[in-house]
Each structure stands twice: as structure tokens, then as C-alpha cells.
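The chains referred to below are lettered A, B, ... by the order of the sequence lines, with proteins before strands, and numbering in each begins at 1. As the structure is a prediction and not an experimental result, all values here were calculated from the model.
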There are 2 protein chains.
Amino acid sequence: MDVKTVCLGMLSDGEASGYDLKKQFESSFGHFFAAGFGSIYPALSSLADEGLVRCTDVPQEGRPDRKVYTVTDQGHQHLLKALENPAPSHKVRSEFLAMMCFAHLMRPQQIEAVLDNRLEETDRYLKMFDEFETSCMEDWPQGMKFVLGFGKAIMQTITQYIDENRHMLLEEGKSEHRTASA
Amino acid sequence: MDVKTVCLGMLSDGEASGYDLKKQFESSFGHFFAAGFGSIYPALSSLADEGLVRCTDVPQEGRPDRKVYTVTDQGHQHLLKALENPAPSHKVRSEFLAMMCFAHLMRPQQIEAVLDNRLEETDRYLKMFDEFETSCMEDWPQGMKFVLGFGKAIMQTITQYIDENRHMLLEEGKSEHRTASA
DNA sequence: CGCAACATGTAAGCGGTTACATGATTAC
DNA sequence: GTAATCATGTAACCGCTTACATGTTGCG
């Protein structure tokens with residue numbers, strides 16, 4: 001399940017351009033699968049080369065041609081095969097948690113800043129999820145709703161956990177730094 | 001915050017070999033920062049080249065020399081600088097969630113298998129966390145406890161969410177595949 | 001006037017994964 | 001006997017990120 005496969009999946013919900021897919025990667029897929037233009041465009045070219053998608057050029061005035069991609073039968077088959085993996089990965093790479101492991105080496109101010117930034121990002125996601133719910137979610141397949149709910153549950157847990165446990169990092173652990181300035 | 005910096009941080013809690021660090025990457029850091037030998041050994045060499053750690057060879061019988069690394073003053077300063085980043089990242093890359101977005105293209109059996117595998121992995125982590133709590137957690141710095149609790153909260157949320165919402169993916173969405181064999 | 005949105009791409013580079021290479025000891 | 005643990009490394013590869021390159025339209 002690399003960027004290519006996810007693009008193929010997105011296209012199986014309806015034709016789209018690379019630019020369109022980017023927007024989807026930023027919004028509904030943003031919290032668990034990031035991808036930039038530098039991944040998407042080559043992915044689409046490659047899918048086209050393999051005959052898994054077909055590309056239609058839609059000429060436009062004052063802009064580059066819009067390249068609209070559609071899944072082929074072969075592409076659909078390929079997608080179904082990719083979905084047969086019974087143990088797909090779920091990986092977290094968190095500088096945030098790594099940093100918090102060494103909180104005893106940081107000043108309380110720094111820790112607070114890091115925590116607040118994390119809460120902010122989490123909140124941005126929660127707000128985005130709310131917008132989805134009040135607008136476009138109706139016509140989504142069940143899977144997308146499941147994934148949205150998953151993201152929401154995680155973000156709520158993070159918010160709550162930080163709120164309830166930030167004191168752990170601030171109260172003690174002044175052994176190394178002492179609170180005052182050196 | 002790459003593997004190098006995390007290694008530096010781990011070493012700041014006490015000297016260790018690459019092999020020791022690997023074990024830490026698998027256990028306490030496993031759920032948010034994976035690293036294999038192929039990343040760790042080059043990272044340590046590089047840290048040593050830059051003078052951020054010092055390496056002591058401990059000869060052994062029947063094994064390669066154990067190379068024990070210690071943080072230098074310079075290394076400590078470097079670590080403190082790395083910890084000044086006020087907005088460390090927290091990234092998820094989930095084939096699992098990507099796949100669930102396209103659950104309507106999968107057979108119920110497949111979906112169940114994927115869900116069960118996810119629950120299993122989550123459970124493995126929860127059991128590991130429990131072991132930490134009943135044994136070695138006492139002497140950990142507050143930050144490590146915070147991170148452990150964070151992981152536990154997330155894993156519990158995932159478990160609960162899947163249990164409570166798996167029906168979403170199974171009940172309907174039979175539009176594309178139909179339940180029976182084609 | 002400047003910035004965001006629209007629209008597509010290339011190429012270098014980086015960081016991490018995987019596979020390979022070696023080999024003794026200990027526990028089942 | 002066979003697997004796991006101890007112990008270190010290299011090198012190829014892969015996939016993604018970042019920066020570069022280009023240009024129009026429309027809004028505030």
C-alpha cells in the first residue's frame with residue numbers, strides 16, 4: 001500500500017486529476033497518509049504506464065491541460081489484489097513522543113510550548129472532521145466514515161490525555177535543569 | 001529528530017551498545033519510533049565521527065567486541081539544541097486505514113481478518129505496556145511514563161473503536177461485491 | 001499589488017529498510 | 001539439532017520529501 005495504490009483507490013471512487021487527489025490527501029486522508037505533488041504525479045504516470053489507469057487530457061485556457069485519470073479494468077483487478085493483504089501496517093513516527101521521553105532535559109516553558117503545539121494540530125484535525133460530518137459525509141462509503149471516526153477518536157484521546165497528564169512533565173523532574181536560570 | 005538524535009537521547013540516560021539500543025527501539029520506543037540495525041549502527045558511527053559520543057571497545061570471548069557508547073559534553077549540548085524545536089512532528093502512515101477506506105471493495109471475511117490482525121497487534125502492545133508497569137517503570141523519568149501512558153491510551157482507544165464500530169464495515173456496503181460468490 | 005488557487009511536472013537528495021555477511025553461545 | 005540471543009557491520013535499493021521550474025486567473 002504505497003502512494004500509487006492509494007491513488008488507484010481514490011480514482012476508483014471517480015475520475016480525478018493529480019491536483020484533485022492532492023486535495024484529498026490533505027483533507028480526508030491527511031491524518032494517516034500524507035503525500036505531496038512530488039509523489040502523486042509520478043505515481044499517476046507510473047499507473048498509466050502500467051495500464052492501470054487511463055489519462056484524458058482536458059484542454060483549458062490559461063492553465064496547463066487538466067489530466068483526468070480513470071481506473072481501467074486491469075487497475076480495478078490490481079486494486080482488489082492489493083486489498084487482499086490481511087495485515088496492513090499502521091505506523092507512527094513521532095518526534096513529539098521521542099522528545100517527551102527526554103522532557104527532564106527541557107525547561108518547563110519548552111515543554112509547554114511543545115504540548116500546546118500538539119494540542120493545536122490535534123484541534124485542527126478535530127475541526128476538519130466536524131466540517132466533514134456537517135457537510136459531505138452523507139455520500140461517503142461506510143469505510144470512509146469508519147476511518148473518519150477512527151481519526152476523531154484518536155484525536156480526542158490525545159487531547160484528553162495531554163490535558164490530564166501534562167502536569168506529570170511539569171511538576172517534578174527538575175533534577176537536571178533546576179527551574180531558575182543558570 | 002532522526003534516528004541519530006534519538007540514539008543520542010537514549011545514550012544520555014546511560015551508556016549502551018548498538019545492540020542495547022535496538023532492544024530499546026523494539027520495546028519502549030517501538031510504538032512510535034522504529035529503527036533497525038541498518039539505521040542504528042550507521043547512526044552511532046556518525047555520532048562518533050562528529051564527536052557527540054565516545055566509543056569504548058569491550059573485548060569479549062566468542063563475540064565481536066562490544067562497542068559501548070557514552071555521550072560527550074558536546075553531544076549533550078547538541079541534544080539540548082535538538083530539544084528546542086517547539087513543534088516536533090507526529091506522523092501516522094497507515095496502510096490499515098487506507099485499506100478500510102476501500103472496505104466496500106472487500107469481502108466481509110477479508111475485512112474481519114484485517115480488523116482482527118490490527119486488534120492483535122494493539123493487544124501485543126498493551127501487554128507489553130502492562131509488563132513495563134509491573135516491573136521496570138519505577139526508575140523511569142517522568143517523560144517516559146508520560147509516553148507510555150500516551151501509547152496505552154491510544155491502543156485502548158483503537159481496541160475500543162474497532163470493537164464498537166466494526167459492524168459499520170460488515171453490515172452494509174454490499175453494493176459492489178454482493179455477499180454471495182459471483 | 002500581492003497572494004492564493006489552479007495546474008503540471010522534474011530531479012536531486014535523504015533517510016530508512018532489507019538483505020547480506022559472519023559466527024559463538026545457550027536454552028529447549 | 002534447531003532456534004534464539006548476543007554482536008557488529010555494509011551496500012543496494014526504495015520511496016518519499018524538497019526544491020526548482022512555469023504561468024494564468026481572480027480575489028481582497
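Ring geometry for A/Phe33 versus A/Phe25: interplanar angle of 30 to 60°, hence tilted.
What separates CG of A/Asp65 from P of D/dG23 is a distance of 15 Å, to the nearest Å. Separating the OH atom of A/Tyr41 from the P atom of D/dT17 is a distance of 15 Å, rounded to the nearest angstrom. D/dT8 atom P lies 8 Å from atom CD of B/Gln60, rounded to whole Å. Whole-Å rounding puts the B/Phe37 CZ to D/dT10 P distance at 14 Å. As rounded to whole Å, 20 Å separates atom C1' of D/dT17 from atom CE of B/Met1. Rounding to whole angstrom units, NZ of residue B/Lys67 and C1' of D/dC6 are separated by 16 Å. We find that NZ of B/Lys23 is positioned 8 Å from C1' of D/dC6, with the value rounded to whole Å. As a whole-Å value, the separation of A/Tyr19 OH from D/dT25 C1' is 12 Å.
With respect to the salt-bridge test (charged N to carboxylate O, under 4.0 angstrom), the residues B/Lys22 and B/Glu26 qualify. Salt bridge annotation for A/Lys91-B/Glu95: absent, with no cationic side-chain nitrogen under 4.0 angstrom from a carboxylate oxygen. A salt bridge links A/Asp20 with A/Arg66; the closest basic N to acidic carboxylate O contact falls under 4.0 Å. The pair B/Lys4-B/Glu50 meets the salt-bridge criterion, with a side-chain N (NZ, NE, NH1 or NH2) lying under 4.0 Å from an Asp/Glu carboxylate O.
The closest side-chain donor-acceptor pair between B/Glu164 and B/Gln160 falls under 3.5 angstrom. For B/Asp49 and B/Ser46, the side-chain atoms include no donor-acceptor pair closer than 3.5 Å.
Heavy-atom nearest nucleotides on DNA chain D were determined for A/Asp2 and for A/Pro64, and the one closer to the 5' end corresponds to A/Asp2. Residues B/Ala35 and A/Gly18 both approach DNA chain C. Their nearest nucleotides, taken by heavy-atom distance, put A/Gly18 toward the 5′ side.
Taking only side-chain atoms of B/Arg93, from C-beta outward, the nucleotide of D/dT24, D/dA7, D/dC16 with the closest atom is D/dC16.
A/Arg63 comes within contact range of at least one nucleobase, with a heavy-atom separation under 4.0 Å. Within the nucleic acid shown, A/Ser17 comes within 4.0 Å of sugar-phosphate atoms alone, with no base atom in reach, counting heavy atoms only.
Axis deviation across the helix from C/dC1-D/dG28 to C/dC28-D/dG1 amounts to 50°, comparing end segments of five pairs, rounded to 10 degrees.
Annotation: cation-pi geometry not satisfied between B/Arg54 and B/Tyr69 (NZ/CZ under 6.0 angstrom from ring centroid, within 45° of ring axis).
Results of the ring-ring contact (aromatic ring centres under 6.0 Å, His included) test with B/Phe132 over B/Tyr125, B/Trp140, B/Phe29 single out B/Trp140 as the only residue that passes.
Along DNA chain C, read 5' to 3', the first and last nucleotides having any atom under 4.0 Å from a heavy atom of chain B are C/dG16 to C/dT25.
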